[in-house]
Structure formats: C-alpha cells, structure tokens
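This report concerns only the one structure given below.
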4 protein chains.
Amino acid sequence: MAELKISVPLKIRFSEVDSMRIVWHGHYATFFEDAREAFGRQYGLGYLDVYGQGYYTPLVELSAKYKKPIMYDMEPVVTITYRPTDAAKIVFDYEITDPRDGEVLATGHSVQVFMDMDYRLVWANPEFYENWKRKWNV
Amino acid sequence: MAELKISVPLKIRFSEVDSMRIVWHGHYATFFEDAREAFGRQYGLGYLDVYGQGYYTPLVELSAKYKKPIMYDMEPVVTITYRPTDAAKIVFDYEITDPRDGEVLATGHSVQVFMDMDYRLVWANPEFYENWKRKWNV
Amino acid sequence: MAELKISVPLKIRFSEVDSMRIVWHGHYATFFEDAREAFGRQYGLGYLDVYGQGYYTPLVELSAKYKKPIMYDMEPVVTITYRPTDAAKIVFDYEITDPRDGEVLATGHSVQVFMDMDYRLVWANPEFYENWKRKWNV
Amino acid sequence: MAELKISVPLKIRFSEVDSMRIVWHGHYATFFEDAREAFGRQYGLGYLDVYGQGYYTPLVELSAKYKKPIMYDMEPVVTITYRPTDAAKIVFDYEITDPRDGEVLATGHSVQVFMDMDYRLVWANPEFYENWKRKWNV
C-alpha cells in the first residue's frame with residue numbers, strides 16, 4: 001500500500017500573530033486546510049473534484065497539538081499524510097516542522113465524512129472514491 | 001425622510017488583537033458586517049431576507065478610517081446609518097466609538113449592489129427593495 | 001469540589017458560513033475562545049488577569065468533534081466547563097448546543113500551559129493560580 | 001523618481017469563499033497585506049525592519065473597490081505600488097487582476113502612519129525612512 005503525502009511551505013501573515021507575538025492557535029486549522037487543498041490538487045481529491053461528483057466532505061473531527069510556538073519570522077512547512085481506512089471517511093495526519101532544524105512545531109489529525117447535496121450522511125464509500133483509492137492503491 | 005440607524009456593542013476577541021496589541025485593521029470589516037446584520041434584523045433587510053427574494057447584495061466598495069487604536073480591554077460600539085440613494089445600491093456609513101468618552105475610534109462607508117442568482121448585476125431597484133424603501137420612508 | 005461552567009450564546013456571522021452554507025470548521029476555535037474569555041471574565045481568569053501576573057497561557061492541545069452542521073440562522077450556545085487537574089495546566093471541555101431542541105452540535109477540549117514572559121514553560125502551578133484554585137475550590 | 005511595485009500570486013482558500021460562492025470581501029484586507037509584506041521583504045520595509053527601528057506603522061485608511069467577484073478556482077494576482085508623498089505617511093495602491101484575461105477584479109488604497117513604541121503618532125518622517133526613500137529614490 002502506498003503512502004500518499006505532500007509538504008507545503010507556510011507564509012506567516014502579520015495578522016496571524018497575536019499579542020503574545022506567536023501565531024494564534026486557531027490559524028492552524030487554516031494551515032491544515034492549505035495542506036489538504038495542496039493534497040487535493042496533487043492527487044485529484046480537491047473540493048471541486050468531490051463537489052463535481054455530488055458530495056461534500058465536511059470535517060467531523062479536528063485536533064491539534066502545539067509543541068512549540070510559531071513566530072512571525074519562521075517559514076514552517078506542513079506535511080499532510082493520507083491515512084487509509086475501511087470506513088467511509090477521509091483521514092489525514094499533519095505535521096508542521098521548522099525546516100531550519102527539523103523540529104516539530106505542531107501535529108494534527110482530521111476526519112472527514114461524505115455528505116450528499118441534501119446534507120445527508122453517506123455511510124458507504126461513494127463509487128468515485130472507491131475508484132480513487134484503487135487508482136492510488138490506498 | 002427618516003434616518004435609519006442602529007448601534008451594536010462589540011466584544012473584542014483576544015485573537016483579533018495583533019502583535020502591536022491593538023485590533024488588526026482587517027477585523028473592522030467584520031465589525032461593520034456585525035452592524036449591517038443587526039440593521040438587517042432590525043429593519044427586515046437581512047441576508048436571508050434578500051436571498052429569499054432571489055438576490056445577493058455583494059459589496060462593491062468598502063472604506064475605513066482608523067482614528068484611534070482599539071485595545072483588547074475596550075468595549076466599543078458600532079453605529080450604522082442607512083444613506084438613501086436613488087441608484088440601485090445600498091449605502092451605509094459606520095462609526096465606531098468608545099462609550100466611555102464618546103471618542104470616535106473609526107469611521108467607515110460601504111456600497112452594495114444587487115445581483116441575481118446568476119451573478120448578473122441588477123441595474124434597477126428590485127421591487128421588494130422599492131417596497132422596503134416606501135415602508136421605511138427612505 | 002465545585003464544577004465551574006458558563007454558557008454563552010453565539011451569533012453566527014455571514015462571513016463564518018462557507019460555500020457549503022454551513023459554518024466553516026475553523027471558526028469553532030473562535031467560539032471556544034469566546035467561551036474561554038467569558039469564563040475568564042466570570043471567574044477572574046482572563047487573559048489580562050493572567051498576563052498581569054506575568055504569565056501567558058498558550059494552548060498546547062485543541063480538539064473538536066463536529067456532530068451536526070451549524071447553519072447561518074441558528075443561535076447556538078457554547079458551554080465551557082473547567083476540568084480540575086493536578087498538572088500545571090488549564091483544561092476545559094466545550095459543548096455547543098442548539099437551544100431549540102437541546103441537540104449537541106459539537107464538543108471540544110483544550111489544554112493550556114503556563115509560560116513566563118520569556119516563553120519558558122512553567123512546570124509547577126504559579127502561586128496566583130494555586131490561590132485561584134483554592135478560592136473556587138477546584 | 002522610481003516606481004516601486006511588486007506582484008504576488010494569491011491562492012484562494014476554501015474557507016475564504018462565502019455562501020455566495022465568492023471570496024468574502026473582508027479577506028481582501030489580507031490579500032493587500034500579503035502584497036504589503038512581499039513589498040516589505042523585497043524593498044527592506046517589512047514589519048520587523050520597521051519595528052527594529054522603534055516604530056509601528058498602523059493603517060489609518062484602507063479602501064477597496066470590488067469590480068468582479070473572485071471565485072474559488074481563480075488564481076488572481078495582487079500588484080502593490082508605492083505612492084511617494086511628502087507627508088510622514090506610507091501610501092500604497094493595490095490592484096487585483098485575473099492573469100487569464102488581465103481583467104481588474106479589485107483595487108485598493110492604504111495609508112499608514114508612524115507610531116513610536118508608546119503609541120504616539122510621529123509627525124515627521126523617522127530618519128531610517130528618510131534614508132530608505134533616498135536609497136530607492138522615491
């Protein structure tokens with residue numbers, strides 16, 4: 001089974017730094033989303049791909065552990081890894097590192113489900129997603 | 001002609017304060033939106049009211065003047081005033097004040113137009129908006 | 001031992017709703033923060049209280065479970081509950097409910113640590129926090 | 001006199017698109033800030049450069065005109081141009097375009113002033129800024 005992952009450099013915005021002079025914890029959801037969107041573009045599982053198949057994939061779980069503060073002058077990298085599962089879910093792990101020394105600044109985990117256009121939960125993998133999994137051997 | 005206005009207290013969030021320890025200027029768009037939504041609820045011109053009539057009202061202009069910084073421990077008030085116009089537009093002025101001394105912290109101005117559900121600009125006032133103006137005498 | 005908690009009504013902003021027409025998951029960090037700030041004001045453990053004692057209390061963990069989508073026209077309530085611990089940490093649980101039917105829309109969990117003004121982790125409870133715990137019997 | 005400018009590609013985030021399926025107007029402040037930070041890095045006038053000289057440069061004016069909606073699948077470019085002035089101010093113009101057809105999606109304008117670390121307005125150009133202007137012939 002393949003391991004699908006991609007790394008994305010982050011540009012810290014002045015407005016993302018709070019009065020402790022560190023990046024506000026709530027912005028990490030955006031960093032993880034940046035990674036998820038890069039993954040979607042790279043592997044053909046983007047929001048518009050999924051939407052074009054008639055589905056939404058809202059998050060049902062998101063967690064983050066903040067190991068070290070991110071400062072304004074850092075240029076961290078977020079790496080997203082696809083975690084295969086038999087459930088009708090999309091599961092990712094995230095790791096934000098400082099490329100200068102490789103230190104882990106934060107980790108994260110997200111779980112998404114499939115909803116149809118009427119916001120009804122879909123209990124089995126949609127066919128397009130089964131095809132996607134076969135194509136990438138995950 | 002009546003003057004329609006409403007005042008809304010603002011609660012400053014920790015995450016809205018930047019590393020200068022003042023509210024980041026970009027958040028004022030949200031404060032003005034809070035005022036616009038309160039106005040919509042009060043006078044029946046909310047996003048869902050307008051959407052239910054088959055229209056969007058996107059902003060085409062927004063400006064702000066920042067007179068004095070807003071600090072975390074302030075409890076400012078934003079006042080929104082409807083500015084009647086003959087054009088097919090919705091125009092508002094905004095004023096953010098510190099209620100402790102009445103000082104003006106910021107002012108703002110916004111212009112919205114009408115778009116139909118296919119994102120086409122509407123050049124004449126929709127009928128529901130003409131009725132709304134008559135009802136409120138503006 | 002007492003159970004310290006407080007409930008805060010949430011006002012959903014138009015800009016918090018994404019193109020799925022539901023509140024974007026990243027905004028829940030702000031809702032939890034609103035609850036945490038209300039708790040701080042109510043029980044004297046606000047950001048400025050803690051800062052005045054010479055400490056920051058950054059988050060080291062945040063997790064959320066999204067049970068049901070929050071729509072623009074909802075008026076949900078977030079309840080924050082203080083979870084006593086012997087570690088030098090501040091731990092909260094969160095629950096967002098729809099007051100119309102009591103349904104749970106989301107839950108959350110956060111862990112904060114103490115850092116001094118030089119961003120060094122503090123391993124034992126600061127004295128002011130020990131006093132605070134005694135005062136509230138937690 | 002030279003014209004200092006720089007262009008920056010924008011990556012539209014899913015969370016920046018609102019329920020009209022267009023980018024929420026408030027995010028343009030962030031796009032302009034991205035441009036301002038790129039300008040600062042390119043020409044040595046970044047937030048940390050200025051802060052290192054003992055000054056803040058808060059915005060006192062920001063305005064935007066929204067010509068055409070930005071959609072999720074666009075890859076617009078923001079161009080920032082420095083506007084020389086004799087006043088103790090930093091003035092920029094902004095233009096967001098769609099590189100596929102060159103169409104102007106939005107324009108903007110910002111004015112910043114100099115404040116010292118005690119949040120007092122500085123009425124004359126700080127020396128480092130005079131030097132910066134001479135160096136770049138603006």
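Only heavy atoms go into these numbers, but all of them, side chains included; no hydrogens, no water, no symmetry mates. Protein chains get the first letters and strands the later ones, always in sequence-line order, with residue 1 at the start of each.
C/P69 pairs by the side-chain contact (heavy atoms from CB on, under 4.5 Å) definition with C/I22, C/M71, not counting sequence neighbours.
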Scan chain A against chain C and return every donor-acceptor pair whose distance is under 3.5 Å.
from	atom 1	to	atom 2	distance (Å)
A/S19	OG	C/Y47	OH	3.0
A/M20	O	C/Y119	OH	2.2
A/W24	NE1	C/E33	OE2	2.7
A/E33	OE2	C/W24	NE1	2.7
A/Y47	OH	C/S19	OG	3.1
A/V60	O	C/Y66	N	2.8
A/L62	N	C/A64	O	3.0
A/L62	O	C/A64	N	2.8
A/A64	N	C/L62	O	2.8
A/A64	O	C/L62	N	3.0
A/Y66	N	C/V60	O	2.8
A/Y119	OH	C/M20	O	2.2

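If you tally non-hydrogen atom pairs under 4.5 Å between each of C/G108, C/G26, C/A64 and chain A, the highest count goes to C/A64.
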